[in-house]
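To start, the structure under review is shown below, and the notes come after it.
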Amino acid sequence: MDHGTLVTTRRMRRRFDPDRPVPREVLVRALTEATHAPSAGWAQGWDFVVLARRPDVDRYWEATRRPGPPDAWLRGLLTAPCLVLVCSDPERYLDRYAEPDKGWQDRSVDRWPIRYWDVDAGMAALLALLAVHDEGLGGLLFGVPGDRHDAVREAFGIPADRRLVATLALGHPHPDGDRGTRGSASRARRPVSEVAHEGTFGRPFLAERPTSTGYAEPS
């Protein structure tokens with residue numbers, strides 16, 4: 001599909017068809033396109049741990065689930081046939097920015113008020129989600145519970161110096177949609193006129209005047 005349609009029709013999916021695996025070629029495409037994300041210094045400090053076999057997916061939930069019955073949101077996620085752990089590698093950035101053309105030889109994390117290793121991993125994850133959507137499948141990005149990071153690292157042999165930025169749940173959307181899952185999807189999208197500012201904060205950049213392209217034009 002064209003870029004505008006791809007971006008504007010993508011949605012986070014919260015429920016999947018558990019009987020339809022994600023084709024290998026879709027995963028290869030998604031991860032290949034993820035590696036085309038921008039990164040600071042072209043450090044490319046991302047890793048992806050693909051859990052496409054049911055025993056591996058189950059091991060993830062064993063490492064992250066808390067006692068008690070799952071809520072509606074988690075029941076939907078448990079149907080995902082594939083999970084991808086999105087990791088960032090701060091050391092690649094510290095090494096890269098200590099090189100002669102950057103010159104930060106002290107390798108101090110304090111030079112990074114924004115941790116771009118996590119930002120860049122998030123952009124790579126978005127490209128993977130767009131690729132999956134273009135293939136007619138769906139995905140959801142969600143976080144690893146803070147107190148379960150070490151358990152997930154241990155379960156999948158992830159080095160201690162990697163940060164668990166997010167998990168992607170991937171699969172064919174459930175025939176019944178996301179019915180019964182938690183209601184973030186029901187929230188309205190904030191308009192451009194509310195979130196974009198012209199010249200100074202608080203002055204709207206765009207008026208909501210739709211065009212034939214589906215976008216708004218400046219007033």
### Task
Check step by step if salt bridge (charged side-chain N to carboxylate O under 4.0 Å, His left out) holds for R29 and D134.
CA-CA 10 Å; R29 176 188 171 184; D134 195 39; 2.8 Å; yes

Step by step, would you call R163 with D89 a salt bridge (charged side-chain N to carboxylate O under 4.0 Å, His left out)?
CA-CA 7 Å; R163 289 172 53 80; D89 182 359; over 6 Å; no

For Y97, give me all partners under ring pair (Phe, Tyr, Trp, His ring centres under 6.0 Å), at least two apart in sequence or on another chain.
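Residues passing ring pair (Phe, Tyr, Trp, His ring centres under 6.0 Å) with Y97: W104, W112.
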
**Request:** Could you tell me whether the side chain of R203 reaches within less than 4.5 Å of the side chain of H197, counting heavy atoms only?
**Result:**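 Side-chain contact under 4.5 Å: no.
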
Beyond-backbone contact of L170 with P81, side-chain heavy atoms, under 4.5 angstrom: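 Heavy-atom side-chain distance check fails, nothing below 4.5 Å.
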
Distance-minimising heavy-atom pair for C87 and L164: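 Smallest interatomic distance, heavy atoms only, reads SG-CD2, 3.7 Å.
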
For the hydrophobic clusters of this structure (ILVMFWY residues joined by side-chain heavy atoms under 4.5 Å, transitively), does one cluster hold both [X] and [Y]?
X: L27; Y: F156; result: yes
X: L130; Y: V28; result: no
X: V84; Y: L78; result: yes
X: W117; Y: V144; result: no

Derivation of the salt bridge (charged side-chain N to carboxylate O under 4.0 Å, His left out) call for D118 and R115
CA-CA 6 Å; D118 294 342; R115 305 313 198 219; over 6 Å; no

Query raised in the report: What residue among L168, D58, V57 forms side chain to side chain contact (heavy atoms under 4.5 Å, CB included) with L51?
Result: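 Result: among L168, D58, V57, V57 is the only option passing the side chain to side chain contact (heavy atoms under 4.5 Å, CB included) with L51.
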
- Applying side-chain contact (heavy atoms from CB on, under 4.5 Å), name anything that partners T9, two or more places apart in sequence or on another chain.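 For T9 the side-chain contact (heavy atoms from CB on, under 4.5 Å) partners, ignoring immediate neighbours, are M1, T5, H133.
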
Exceeds 12 heavy-atom contacts within 6.0 angstrom, atom CD of E25 =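 Correct, the count exceeds 12.
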
